[in-house]
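Here's the structure, in structure tokens; my notes come after.
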There are 2 protein chains.
Amino acid sequence: MRQSTNYELMTALALEMKVRRKELGLSQEDLAGRCDLDRPYISLIEVARKQPTLSVLYRLSEALELPLGSFMERVQERYLQGVARNF
Amino acid sequence: MRQSTNYELMTALALEMKVRRKELGLSQEDLAGRCDLDRPYISLIEVARKQPTLSVLYRLSEALELPLGSFMERVQERYLQGVARNF
DNA sequence: GTGTAGACTCATGTCGACA
DNA sequence: ATGTCGACATGAGTCTACA
């Protein structure tokens with residue numbers, strides 16, 4: 001599997017998560033509680049060092065009160081912006 | 001991490017992938033080639049036995065010529081239908 | 001409240017092969 | 001062309017603990 005642009009994608013997810021979480025006034029601890037995930041793991045995602053699977057993405061979208069499609073749409077937007085910045 | 005509804009989600013992804021792939025007239029082999037993934041692995045996803053990470057989902061969405069948001073929106077729709085069927 | 005570390009279990013993703 | 005298997009390396013996700 002090619003691995004080149006994974007980091008950009010993880011960064012896009014990290015940013016979107018952090019922004020949305022703060023919009024809701026939640027701490028990482030709160031978010032972890034909402035989706036029944038490990039708190040340090042949430043932190044690792046938000047610093048773009050871990051890459052969740054589909055089920056985790058879904059539970060994050062629920063906890064962030066966004067439909068999965070909208071959540072991923074926002075991630076993709078940030079991703080494309082990030083890629084475009086490299087020119 | 002709770003694991004209860006992961007299977008429903010994997011099934012929703014499996015169905016959406018298979019339908020969309022055939023809409024494009026692609027074989028699993030073609031699809032694997034487009035997103036540079038293992039062909040048997042594609043098969044495992046389509047029988048709901050593997051759960052991809054974000055970067056794989058993204059590459060699948062590219063290969064299936066759908067924005068990530070739309071792709072995940074469709075998956076979620078199928079997922080909610082599948083869950084609703086259990087009542 | 002957040003980032004990071006180590007150690008751990010188990011799943012992802014790859015590869016070769018076979019029905 | 002698809003599903004499945006075994007074996008493998010790497011990474012996801014948990015837990016405890018500390019700055």
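Residue numbers begin at 1 in each chain, while the letters A, B, ... track the order of the sequences. This one's a predicted model, so the numbers in the text were calculated from it and none came from an experiment.
Sorted by first and then second residue, the pairs that involve residues 64-78 of chain A and meet salt bridge (charged side-chain N to carboxylate O under 4.0 Å, His left out), not counting sequence neighbours, are A:Glu16-A:Arg74, A:Glu16-A:Arg78, A:Arg34-A:Glu65. Each ring pair (Phe, Tyr, Trp, His ring centres under 6.0 Å) pair with one or both residues in residues 39-71 of chain A, not counting sequence neighbours, appears once here: A:Tyr58-B:Tyr79.
Residue B:Gln28 places at least one side-chain N or O closer than 4.0 Å to OP1 or OP2 of D:dG3. Considering only side-chain N and O atoms, A:Gln51 lies nowhere under 4.0 angstrom from the phosphate OP1 or OP2 of D:dG11. Checking the phosphate oxygens (OP1, OP2) of C:dA5, a side-chain nitrogen or oxygen of A:Arg49 falls inside 4.0 Å.
For DNA chain D, if you chain together Watson-Crick or G-U pairs that step i with j, i+1 with j-1 and so on, the runs of at least three with distances under 3.5 Å are C:2-19 with D:2-19.
One can place NZ of A:Lys50 at 12 Å from C1' of C:dG6, the figure rounded to the nearest angstrom.
One finds the CG atom of B:Leu31 at 11.0 Å from the CZ atom of B:Arg20 (value rounded to the nearest 0.5 Å). Atom CE in A:Met72 sits 11.0 Å away from atom OG in B:Ser61 (nearest 0.5 Å).
Listed nucleotides D:dT4, C:dT4, C:dG1 differ in distance to B:Leu44; the shortest reach to its side chain belongs to D:dT4.
Residues forming a side-chain hydrogen bond (donor to acceptor under 3.5 Å, both in side chains) with A:Ser27 (at least two apart in sequence, or on another chain): A:Asp30.
Using a 4.0 Å cutoff on non-hydrogen atoms, the parts of residues 13-25 of chain A near DNA chain C are A:Lys18, A:Arg21, ordered by number.
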Every protein N/O lying under 3.5 Å from an N/O of nucleotides 16-19 of chain D:
none

